[in-house]
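Bear in mind the structure is a predicted one, so any value in this text is a computation, not a measurement.
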Amino acid sequence: MSHAYYQYNKEQLLKDPRLPLICMPDNATVFQAMAKEMFEEIEANNQAGKKTVFICPVGPVGQYPYFVDMVNERNLSLKDTWFINMDEYLDDDKKWIPVDHPLSFHGFMERTVYTKIKPELIMPKEQRVFPDPENVGYIPELIEKLGGVDIAFGGIGINGHVAFNEADPSLSPEEFLAQKTRVLTITPETRTANAIGDFGGALEDMPHYCVTIGIYEIAHARKIRLGVFRNWHRAVVRRTAYGEPSTDFPVSLLQNHPDITLTLTDYVAALTD
């Protein structure tokens, strides 16, 4: 069975999508826009005396250097900001992989974000949160305690997963959207795509397990901001924008969120280089 939307050119893609699409010239522009939105949300909440709660990905990651520079240059306090990371790889014992592992999201955030921000501006360590395979109830409870998530940032996997909420056609949309933070097995498709994109193709050494924030926590964020920029995102963005909602392509279940955008580059919008 073929799907016409996979052959949509840029004009057709942007004409009538099921969710708002924002097309930008290149990766740098996308990442700068993400960093700017992060900065401005925190700044506005600080001025209003409110806390800021983000769900943060490690993929996409290009926004973080811009964000760090903005925070340091303009002395933005993160003292009342919570970064709740989406997910983390697990070893075969279903424990966090070591921080010094090249795929560790903990390690990435520490090296790229937390140690790069001025100490007087950075949030306390207890406000830098990762889903814990030994306490999966903590993040849903924390989000409720904090009054909800302001913005969930993220990307989209090759099979439509957001965070590591892998496709599961055995579930109804309602059942899928009810899933909260949990441990799960990573699908072969995701392991392969991530090995190619993030690990030099070393498929045999890719972790088989992960812990992830649930689609429930993402779907209930006040805003959702997704970004795509890889070559295979050309197909992903077209199915996201025009495919029917389906649990075998989880991001499609977010199409009706009241404040969601999907930002892509001209490269992704095009069908040829």
Side-chain angles (χ1 to χ4, degrees), residues 5-6 8-15 17 19-42 54-74 76 83 85-87 102-105 107-114 116-117 151-164 189-190 192-201 218 221 223-242 251 254 259-273:
Y5 51 72
Y6 286 131
Y8 283 0
N9 62 27
K10 178 180 176 181
E11 182 180 3
Q12 291 170 310
L13 174 64
L14 299 178
K15 185 177 181 181
L19 77 171
L21 300 181
I22 302 170
C23 190
M24 294 187 171
D26 52 32
N27 288 5
T29 311
V30 170
F31 297 142
Q32 288 165 1
M34 290 179 68
K36 184 173 182 286
E37 184 160 17
M38 293 172 69
F39 182 95
E40 291 179 347
E41 184 79 11
I42 297 169
F54 289 160
I55 291 176
C56 297
V58 177
V61 297
Q63 67 276 16
Y64 292 119
Y66 294 111
F67 174 73
V68 167
D69 287 347
M70 293 172 71
V71 168
N72 287 335
E73 290 169 5
R74 297 170 62 178
L76 179 71
F83 276 12
N85 266 86
M86 279 188 154
D87 40 27
L103 290 174
S104 169
F105 298 159
F108 175 87
M109 292 298 291
E110 192 67 18
R111 292 189 307 272
T112 309
V113 182
Y114 299 134
K116 299 294 185 183
I117 292 173
I151 308 178
F153 294 94
I156 306 173
I158 198 164
N159 61 0
H161 68 80
V162 182
F164 270 120
E189 296 88 350
T190 297
T192 301
N194 289 2
I196 293 168
D198 305 322
F199 208 33
I218 295 167
K223 302 176 188 177
I224 301 175
R225 299 291 183 259
L226 304 175
V228 292
F229 50 90
R230 299 185 189 271
N231 59 351
W232 49 262
H233 278 139
R234 288 171 165 172
V236 165
V237 74
R238 285 162 170 80
R239 184 172 180 182
T240 302
Y242 287 92
V251 68
L254 303 176
D259 193 345
I260 185 172
T261 61
L262 173 51
T263 301
L264 61 148
T265 61
D266 281 336
Y267 172 79
V268 172
L271 289 178
T272 58
D273 294 342

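Side-chain contact check for Leu226 versus Val228: every heavy-atom pair is 4.5 Å or farther apart. Between Phe164 and Asn194 there is a side-chain heavy-atom pair separated by less than 4.5 Å. Taking the side chain as every heavy atom from C-beta outward, Tyr6 and Arg234 never approach each other to under 4.5 Å. Annotation: side chain of Lys116 is not in contact with side chain of Asp69 (no heavy-atom distance under 4.5 Å). Taking the side chain as every heavy atom from C-beta outward, Leu264 and His233 never approach each other to under 4.5 Å. Counting only heavy atoms from C-beta outward, the side chains of Lys36 and Tyr66 never approach each other to under 4.5 Å.
Between the OH atom of Tyr5 and the CZ atom of Arg238 there is a distance of 11.5 Å, given to the nearest 0.5 Å. Between the CD1 atom of Ile117 and the CG atom of Asn72 there is a distance of 6.5 Å, given to the nearest 0.5 Å. Atom CZ in Phe31 sits 4.5 Å away from atom CZ in Phe229 (nearest 0.5 Å). Rounding to the nearest 0.5 Å gives a distance of 13.5 Å between CD1 of Ile260 and NZ of Lys223. To the nearest 0.5 Å, the span separating CD1 on Ile218 from CG on Leu254 amounts to 7.0 Å. Taking CD1 of Ile42 as the reference point, atom CE of Met70 lies at 9.5 Å (rounded to 0.5 Å).
Taking the six-membered ring where tryptophan is involved, the planes of Phe54 and Phe153 are perpendicular, since the angle between them exceeds 60° and thus also 30°.
Evaluated for a side-chain hydrogen bond (donor to acceptor under 3.5 Å, both in side chains) with Arg225, the options Glu41, Glu37, Gln63 yield exactly one hit, Glu37. Among Gln32, Met38, Met34, the one residue that satisfies the side-chain contact (heavy atoms from CB on, under 4.5 Å) test with Phe67 is Met38.
The two atoms that bring Lys10 and Cys23 nearest to each other are CE-SG, 3.8 Å, heavy atoms only.
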Leu271/Tyr8 under side chain to side chain contact (heavy atoms under 4.5 Å, CB included): CA gap, chis, key distance, verdict: CA-CA 8 Å; Leu271 289 178; Tyr8 283 0; 5.9 Å; no
Verdict with supporting geometry, Val251 and Val236, side chain to side chain contact (heavy atoms under 4.5 Å, CB included): CA-CA 10 Å; Val251 68; Val236 165; 5.6 Å; no
